[in-house]
Amino acid sequence: MYAEAFGLGLSTGMFCLGYCAPVLMGLMLSRDEAGFHGNAVSLGIFMGGRLMAYMLFGALSGLAGKFFASGSLVFSTALPIAEIILGGVMLGHSLGLHFPHWSVCHYVAGKTRGRSLMLVTGFLTGINVCPPFLLAVGAGLRTGSMLNGALFFLLFFLATSLYMLPFLFTSLLSRFKDIRTAAKIVCGMTGAYFIYEGVSEIVQAGKGPIDLLVK
C-alpha cells in the first residue's frame with residue numbers, strides 16, 4: 001500500500017506542474033531575497049504548508065475508515081468504482097485528453113504575495129482536488145487508522161515534493177518540459193494500475209455471492 005502512496009505522489013506531477021507550478025513560481029519571483037538560501041527558505045515554508053494539509057487529510061481519512069466495515073459497500077463497490085473512474089482520468093490525461101478541473105491553485109494565483117503567506121498558500125495548494133489526491137484519500141480510508149492514514153499521506157507528500165525541488169535552482173525551471181514528460185508517463189502507469197485494482201476488487205467482491213449460489 002505504501003508503494004501506492006509513492007506512486008500516486010509521483011503521478012501528481014502531471015497535475016501539479018500544470019496547475020500549481022505557476023502559483024509557486026509567482027511567489028518565488030515576488031520575493032525580495034534572491035539566491036539559493038532565499039529560495040530554500042521560501043520553498044521550505046511553502047512545503048511545510050502542503051505537509052500540514054496532507055497530514056490532516058491523511059489522519060481524517062484514516063479516522064473515517066474506522067467507521068466502515070471491511071466488507072461494506074464503501075470498500076467493496078464505491079471505492080473500486082472511484083478507482084476505475086479516477087484511474088481512467090489519469091490515463092486520459094497522460095494521453096493528452098483534457099477534462100474539467102477545479103483547482104485551488106487557480107483560486108490562489110494572483111491573490112498571494114510574499115513569504116508571510118507562503119505557509120497558507122502551501123496548505124491551500126496541498127488540498128488541490130485532483131485524481132491522485134482523491135485516490136490517496138480513498139487509500140487513507142482503507143487503512144482504517146489515523147496513524148496509518150497520516151503515514152500514507154506523508155509518503156505521498158515526499159513523492160510530490162520531488163517536483164518542487166527545481167524551484168531551488170532557477171536554472172532548472174527551463175527543464176519543466178522534460179520533467180512534465182516523465183510525470184505524464186508515471187501518471188499513465190499509475191492510472192492503469194488503479195483501473196486494474198478497481199476491476200479486480202469488484203470481481204473479487206462478486207465471487208462471494210456467486211460461490212454461495214454454486215454451493
Side-chain angles (χ1 to χ4, degrees), residues 1-22 24 47 50-51 53-55 57-58 61-62 65 74-105 125-143 148-167 172-206:
M1 176 173 284
Y2 297 119
E4 291 180 5
F6 205 78
L8 278 174
L10 291 177
S11 69
T12 60
M14 183 68 190
F15 301 89
C16 286
L17 295 181
Y19 296 104
C20 293
L24 182 55
M47 295 305 295
R50 288 176 67 89
L51 178 59
Y54 285 150
M55 296 298 282
F57 271 82
S61 61
V74 171
F75 291 114
S76 64
T77 305
L79 285 181
I81 290 176
E83 288 174 348
I84 294 171
I85 294 173
L86 294 172
V89 172
M90 291 172 64
L91 186 59
H93 267 290
S94 71
L95 296 175
L97 300 179
H98 298 284
F99 302 92
H101 179 78
W102 180 81
S103 172
V104 173
C105 301
T125 58
I127 56 176
N128 185 43
V129 181
C130 64
F133 179 83
L134 294 175
L135 285 169
V137 171
L141 282 170
R142 293 184 186 281
T143 66
N148 289 334
L151 179 58
F152 187 97
F153 267 80
L154 175 60
L155 295 175
F156 180 77
F157 164 79
L158 292 175
T160 65
S161 299
L162 296 177
Y163 294 110
M164 301 293 119
L165 294 180
F167 286 97
L172 290 180
L173 295 179
S174 62
R175 306 286 297 183
F176 263 170
K177 185 176 180 180
D178 298 332
I179 298 173
R180 193 171 169 82
T181 299
K184 183 182 292 187
I185 295 172
V186 176
C187 183
M189 293 174 61
T190 306
Y193 167 78
F194 274 96
I195 292 173
Y196 168 78
E197 189 75 9
V199 171
S200 299
E201 289 170 355
I202 290 176
V203 171
Q204 190 65 33

Heavy-atom pair of closest approach, residues Glu201 and Pro80: OE1-CG, 3.2 Å

Does some side-chain heavy atom of Phe194 sit less than 4.5 Å from a side-chain heavy atom of Glu4? yes

What pair of heavy atoms forms the shortest contact from Gly140 to Ser61, and how long is it? CA-OG, 3.4 Å

Less than 4.0 angstrom from a charged side-chain N to a carboxylate O is my criterion; do Glu197 and Arg142 meet it? no

Minimum side-chain heavy-atom gap Asn148-Phe152 below 4.5 Å: no

Hey, would you say the Phe153 and Phe156 ring centroids sit under 6.0 Å apart? yes

Residue pair Leu162 / Leu10, side-chain heavy-atom distance below 4.5 Å: yes

If you look at every heavy atom in Pro131 and Met90, which pair is closest and at what distance? CB-CG, 3.6 Å

Within-4.5 Å side-chain heavy-atom neighbours: Met189 and Ile185: yes

Which pair of non-hydrogen atoms, one from Met55 and one from Ala150, has the smallest distance, and what is that distance? SD-O, 3.5 Å

Are Thr160 and Leu8 close enough that some pair of their side-chain heavy atoms sits under 4.5 Å apart? no

Below 4.5 Å, heavy atoms only, C-beta onward: do Thr143 and Leu151 meet side chain to side chain? no

Taking atom CG of Leu155 and atom OH of Tyr54, what is their separation to the nearest 0.5 Å? 13.0 Å

Here the gap from Thr190 atom OG1 to Phe6 atom CZ, rounded to the nearest 0.5 Å, amounts to 11.5 Å

